[in-house]
Amino acid sequence: MKGQFPLDKFLNKETPFYYYDTALLRQTLQTIRAEAGKHDNFSVHYAVKANANPKLLNIISMSGLGADCVSGGEIQAAVNAGFAADKIVYAGVGKSDWEINLGLDKNILCFNVESIPELEVINELAARKNKTANIAFRINPDVGAHTHANITTGLAENKFGISMNDMEKAIEAAAQMEHVRFTGLHFHIGSQILDMGDFEALCNRINNLQQQLETHHISVENINVGGGLGVDYLHPNRVPIPNFKAYFDTYAQHLKLRPGQKLHFELGRAVVAQCGSLITRTLYIKQGTHKQFAIVDAGMSDLIRPALYHAFHKIENLSSDGSCETYDVVGPICESSDVFAKAVDLNKTHRGDCIAIRSAGAYGESMACQYNCRKLPQGYITEEL
Ligand SMILES: *Cc1c(COP(=O)(O)O)cnc(C)c1O
């Protein structure tokens, strides 16, 4: 399955770089639109932190998705890429004043508020502008997701969100404030979730919370269930598009929406992971005593997921059909954790071969840094090559 890469067009490019298959991205967006569109009142936002490359943001905004931002910089990037401000939601435990002011100036759809002190600051800053900020409370639903501990966000003791016990107190506090308007509840239980039972558990929790609020005559316009749908890192060729049908159907089936209530989603990884690959070149083959290393010119500064969470990415040698050999694929950075994969089979590789590290479109380029005074990797879309 190397035919899907325009290898001839890679040869004159300086490596490492990210390559984004825009045909796949567009197909993915079309699937999201079709599957979400089967349900009334479903509204999908793209989680910008997964990949903020302006060229991708532009394609995603044109497909009609809203944006989910976690910083002022992301709000600015979303607006620059053409996302309508009234489709932008803004979450984050530590919103600084300039970021809140930017959200107010742009008239974004909603601030997802994570504490009462934050609510007070939003109210105060909105008052100075004589505005009213739409807010939702991010509630910590104490639903565990079956995923890596570092990307679970919905458990009780977690820096994110407001505990369920404090939910009504927070809603009452908002009701006392003149410059915020309570419009909904927000949740996000984690990332790379493939077990629909986890989302079902979230639905059940939300159903209970809604019932509890209704006994106190509190109604909610919007429910936002965050993101978290995972992708198949083992089989990027066989499963290039995640099962959006099962995902949206799970919510349609298990979440009891009230008449007129809108359901919002914030998908990041599922939108962009599979369309992106990190393209790197083999620099050296180094023979160890019991293994051999393929030393490549990309490192953890370009793609940190393997070093940060032992994430698996499929690796392919695009330049060779030679018989497979086993390699540890490592980067040039001065850290022992700068390893992309241990003991993987690759077509026999030589200096200069093009290597693709697959499923790298999400949390790849957006997490790149300049450690070791390295250059940031470029990101190219199909049309630019
Ligand atoms: C990161 C994040 C998302 C997106 O998560 P994915 O797993 O990439 O879908 C959605 N909502 C919030 C609040 C987030 O922090």
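Only this structure's heavy atoms are used, side chains among them; waters, hydrogens and symmetry mates stay out. Keep in mind it's a predicted model, so treat the numbers as computed, not measured. For ligands, and for the atoms within them, numbers begin at 1 and follow the listed sequence.
- Looking only at distances, a side-chain donor or acceptor of Thr382 sits under 3.5 Å from a matching main-chain atom of Tyr20.
- Taking His39 as the reference, Phe42 meet the ring-ring contact (aromatic ring centres under 6.0 Å, His included) condition, with sequence neighbours excluded.
- Under a 4.5 Å side-chain heavy-atom criterion applied to ILVMFWY residues, the cluster that includes Tyr284 comprises Leu283, Phe293, Ile295, Val330, Val339 as well.
- For ligand 1, the 4.0 Å heavy-atom shell contains residues Ala47, Lys49, Asp68, Arg138, His186, His188, Ser191, Gly227, Gly228, Glu266, Leu267, Gly268, Arg269, Tyr363.
- Using a 4.0 Å cut-off between charged side-chain N and carboxylate O, Glu118 and Arg138 make no salt bridge.
- In this structure, Gln274 contributes its side chain and Pro240 its backbone to no donor-acceptor pair below 3.5 Å.
- Residues that satisfy the ring-ring contact (aromatic ring centres under 6.0 Å, His included) test with Tyr233, not counting sequence neighbours, are His313.
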